Asker: 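Handing you this structure, nothing more for now.
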Amino acid sequence: MKAVLTDERFSDPEWIFERKLDGIRCVAIRDGGATRMLSRNDLSLNGRYPLIADALDGQSRGRFAVDGEVVSASGKFQDHSGPFYFYVFDVQWLDGEDVRGLPLRERKALLRDALRWDDPLRLTEYRNEAGEAMFAEACSSGWEGVIAKRADSVYTDKRSRDWLKFKCEHGQEMVVGGFTPPKGSRVEFGALLVGVYEGSKLHYAGKVGTGFDRAELERLAGLMRPLERSDAPFYDAPRFRDVTWIEPSLVAQCGFAEWTNDGRLRHPRYLGLREDKDPLKVVREEAP
DNA sequence: TTCCGACAGTGGGGTCGCAAT
DNA sequence: ATTGCGACCCCACTATCGGAA
């Protein structure tokens with residue numbers, strides 16, 4: 001089951017709300033013997049998270065299939081040092097019985113009693129109705145967002161509007177300092193190379209390669225072509241092959257999930273050009 | 001008719017392992 | 001030993017098409 005990103009923010013007694021966890025999706029299946037931990041791509045995760053696999057194998061219940069997220073203790077996806085917890089939020093099978101057709105609240109009740117909830121296994125908390133309060137809390141806590149689930153929904157493997165994603169959004173202006181070439185059917189360019197000023201120096205903050213339609217690709221290419229120059233405007237850009245540098249005079253509004261530890265944008269996207277902004281005044285905006 | 005869901009194809013950061021240098 | 005690359009994990013978005021509404 002995958003959630004659909006939405007701009008809606010609502011509270012509703014027919015819905016339940018969970019913290020959006022920033023980790024690796026995992027379905028754990030046990031049919032009598034050892035538990036198999038499977039990634040979204042059906043690859044085994046047992047070797048990567050042996051303590052979680054051991055905890056699942058140590059359960060007295062011999063047959064179950066549960067769905068959850070493996071999260072590092074720091075709560076940060078980039079942190080791969082562990083320790084790791086398995087936050088379980090749904091159950092598909094229990095004692096050989098397919099429970100996917102039961103309403104979500106009933107599955108939640110079954111899940112609560114299905115396993116022994118000692119670390120590193122954790123039952124994912126959820127809240128009834130109060131989606132807006134949950135969302136505000138999530139963003140002020142530095143979480144990624146909230147997952148809203150229709151309380152009577154059945155479990156399906158398809159993406160469904162019964163699961164919605166409220167993401168805590170970040171966005172700011174970025175200076176455009178270059179672009180990469182297009183591939184395949186893409187026209188004009190692949191991604192913009194963007195940055196922000198640190199004092200008088202322009203810091204490289206990563207690439208933005210999505211958010212433009214064909215017309216916008218062509219419009220931006222036309223604006224960038226006269227600005228080409230031979231050297232990088234960034235003081236700290238990595239070495240690239242096949243990059244075209246430009247004078248840092250265009251400002252793009254960008255949305256992104258967060259800043260990475262290396263000062264790059266995570267999950268970046270282009271939102272539009274800011275004609276009114278002085279590039280020299282574009283700096284990193286700190287989280288409130 | 002319009003809208004929605006699913007798919008393919010483009011693009012990103014980060015990690016890991018393996019092959020080429 | 002270092003570098004490059006693909007295959008994974010996380011994703012956002014555009015374009016397209018067929019079926020549901």
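Every chain is numbered from 1, with letters handed out A, B, ... down the list of sequences. Below, all heavy atoms of this structure are taken into account, side chains as well, without hydrogens, waters or symmetry copies. Keep in mind the model is a prediction, meaning the values are calculated, not measured.
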Asker: Within the 4.5 Å heavy-atom criterion, are A/Q172 and A/V196 side-chain neighbours or not?
Answerer: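 Side-chain contact under 4.5 Å: yes.
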Asker: Between C/dA15, B/dT10, C/dC11, which nucleotide gets closest to the side-chain atoms of A/R214?
Answerer: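 Output: C/dA15.
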Asker: Can you check whether A/R266 has a side-chain N or O nearer than 4.0 Å to OP1 or OP2 of B/dG13?
Answerer: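 Answer no for this pair, as no side-chain N or O of A/R266 is under 4.0 Å from OP1 or OP2.
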Asker: Nearest to the side chain of A/R241 - C/dA12, C/dC5, B/dG14?
Answerer: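 Given the options C/dA12, C/dC5, B/dG14, the side chain of A/R241 is closest to C/dC5.
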Asker: I need the NE2-C1' distance between A/H170 and B/dG12, as an integer number of Å.
Answerer: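 Value for this atom pair: 17 Å.
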Asker: Can you find a side chain N or O atom of A/N41 that sits less than 4.0 Å from OP1 or OP2 on C/dC9?
Answerer: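 Yes, because at least one side-chain N or O of A/N41 sits under 4.0 Å from OP1 or OP2 of C/dC9.
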Asker: Closer than 4.0 Å, any side-chain N/O of A/K165 to the OP1 or OP2 of C/dA12?
Answerer: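 Checking A/K165 against C/dA12: at least one side-chain N or O falls below 4.0 Å of OP1 or OP2.
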Asker: Checking all strands, does A/G255 fall into the base, sugar-phosphate, or nothing category for heavy-atom contacts under 4.0 angstrom?
Answerer: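 The answer is nothing, as A/G255 stays clear of every strand by at least 4.0 Å.
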Asker: Regarding A/E132 and A/R9, does a basic nitrogen lie under 4.0 Å from an acidic carboxylate oxygen?
Answerer: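 Result for this pair is no, no salt bridge flagged.
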Asker: Send over the distance from A/R186 CZ to B/dG9 C1', rounded to a whole Å.
Answerer: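 So the two atoms are 10 Å apart, to the nearest Å.
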Asker: Between atom CD in A/Q253 and atom P in C/dA12, what is the gap in whole Å?
Answerer: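 Value for this atom pair: 17 Å.
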Asker: Hey, are the side chains of A/W143 and A/C168 touching, using non-hydrogen atoms and a 4.5 Å cut-off?
Answerer: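 Contact flag for A/W143/A/C168 side chains = no.
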Asker: Does A/T260 put a side-chain nitrogen or oxygen below 4.0 Å from OP1 or OP2 of B/dG14?
Answerer: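 True: A/T260 side-chain N/O within range (under 4.0 Å) of B/dG14 OP1/OP2.
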Asker: Restricting to non-hydrogen atoms, name the atom on A/T35 and the atom on A/A28 that form the minimum distance, rounded to 0.1 Å.
Answerer: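 Residues A/T35 and A/A28, closest heavy atoms: CG2-CB, 4.0 Å.
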Asker: Take atom CG of A/L220 and atom C1' of B/dG11, then tell me their distance rounded to the nearest Å.
Answerer: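 So the CG-C1' distance, A/L220 to B/dG11, works out to 14 Å.
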Asker: Less than 4.0 angstrom between a side-chain N/O of A/R40 and OP1 or OP2 of C/dC11, yes or no?
Answerer: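 A/R40 to C/dC11 OP1/OP2: side-chain N or O found under 4.0 Å.
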Asker: Starting at the 5' end of DNA chain C and moving along, which residue's nearest nucleotide shows up first, A/L43 or A/R269?
Answerer: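 Closest to the 5' end, via its nearest nucleotide, is A/L43.
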Asker: In this structure, how many angstroms lie between the P atom of B/dG11 and the CG atom of A/L193, rounded?
Answerer: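 The answer, rounded to whole Å, is 13 Å.
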Asker: Can A/R107 and A/D67 be counted as an ion pair, charged N to O under 4.0 angstrom?
Answerer: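 Answer for the salt bridge query: no.
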Asker: In degrees rounded to 10°, what angle is found between the helical axes fit to the five outermost pairs at each end of the helix from B/dA8-C/dT14 to B/dT21-C/dA1?
Answerer: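 Roughly 30°, once rounded to the nearest ten degrees.
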Asker: Pick the closest DNA chain C nucleotide for A/G211 and for A/S39 by heavy atoms, then say which residue is nearer the 5' end.
Answerer: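 By nearest-heavy-atom nucleotide position, the 5'-most residue is A/S39.
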Asker: Check whether any side-chain heavy atom of A/L104 sits under 4.5 Å from a side-chain heavy atom of A/D90, and report yes or no.
Answerer: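 They are in contact (side-chain heavy atoms under 4.5 Å apart), so the answer is yes.
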Asker: Does A/K183 have a side-chain nitrogen or oxygen under 4.0 Å from the phosphate oxygens OP1 or OP2 of B/dT10?
Answerer: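 Looking at the OP1 and OP2 atoms of B/dT10, neither is under 4.0 Å from any side-chain N or O of A/K183.
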Asker: Give the rounded distance in Å between these two atoms: CG of A/L45 and C1' of C/dC9.
Answerer: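 Distance, rounded to whole Å: 9 Å.
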Asker: Return the value, rounded to whole Å, for the distance between atom CG of A/L265 and atom P of B/dG11.
Answerer: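 Roughly 18 Å, once rounded to whole Å.
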Asker: Could you check whether any side-chain heavy atom of A/R112 comes within less than 4.5 Å of a side-chain heavy atom of A/K108, counting everything from C-beta outward?
Answerer: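 A side-chain contact under 4.5 Å is absent here.
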Asker: Between B/dG13, C/dC5, C/dA12, which nucleotide has the shortest distance from any of its atoms to the side chain of A/K207?
Answerer: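 Output: B/dG13.
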Asker: Mind checking A/F256 for me? I need base, sugar-phosphate or nothing, with any heavy atom below 4.0 Å counting as a touch.
Answerer: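 Counting heavy atoms under 4.0 Å across all strands, no contact is made by A/F256.
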Asker: From NZ of A/K167 over to P of C/dC11, roughly how many Å is that when rounded to an integer?
Answerer: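 Whole-Å distance recorded here is 7 Å.
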Asker: Of the listed nucleotides (C/dT14, C/dC9, C/dA12), which one gets closest to any side-chain atom of A/D213?
Answerer: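 The answer is C/dT14, which lies nearest to the side chain.
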Asker: Can you check whether A/S185 has a side-chain N or O nearer than 4.0 Å to OP1 or OP2 of B/dG9?
Answerer: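 Answer is no, no contact under 4.0 Å.
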Asker: If you check the A/R264 side chain, which of C/dC13, B/dG13, C/dC9 turns out closest?
Answerer: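 That would be B/dG13.
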Asker: Test A/Y270 against every option in A/F212, A/F179, A/F256 by the ring pair (Phe, Tyr, Trp, His ring centres under 6.0 Å) rule and name the one that passes.
Answerer: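 Among A/F212, A/F179, A/F256, the one that satisfies the ring pair (Phe, Tyr, Trp, His ring centres under 6.0 Å) with A/Y270 is A/F212.
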Asker: Which residue in the set A/F84, A/F86, A/Y85 passes ring pair (Phe, Tyr, Trp, His ring centres under 6.0 Å) when paired with A/Y49?
Answerer: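 Passing option: A/F84.
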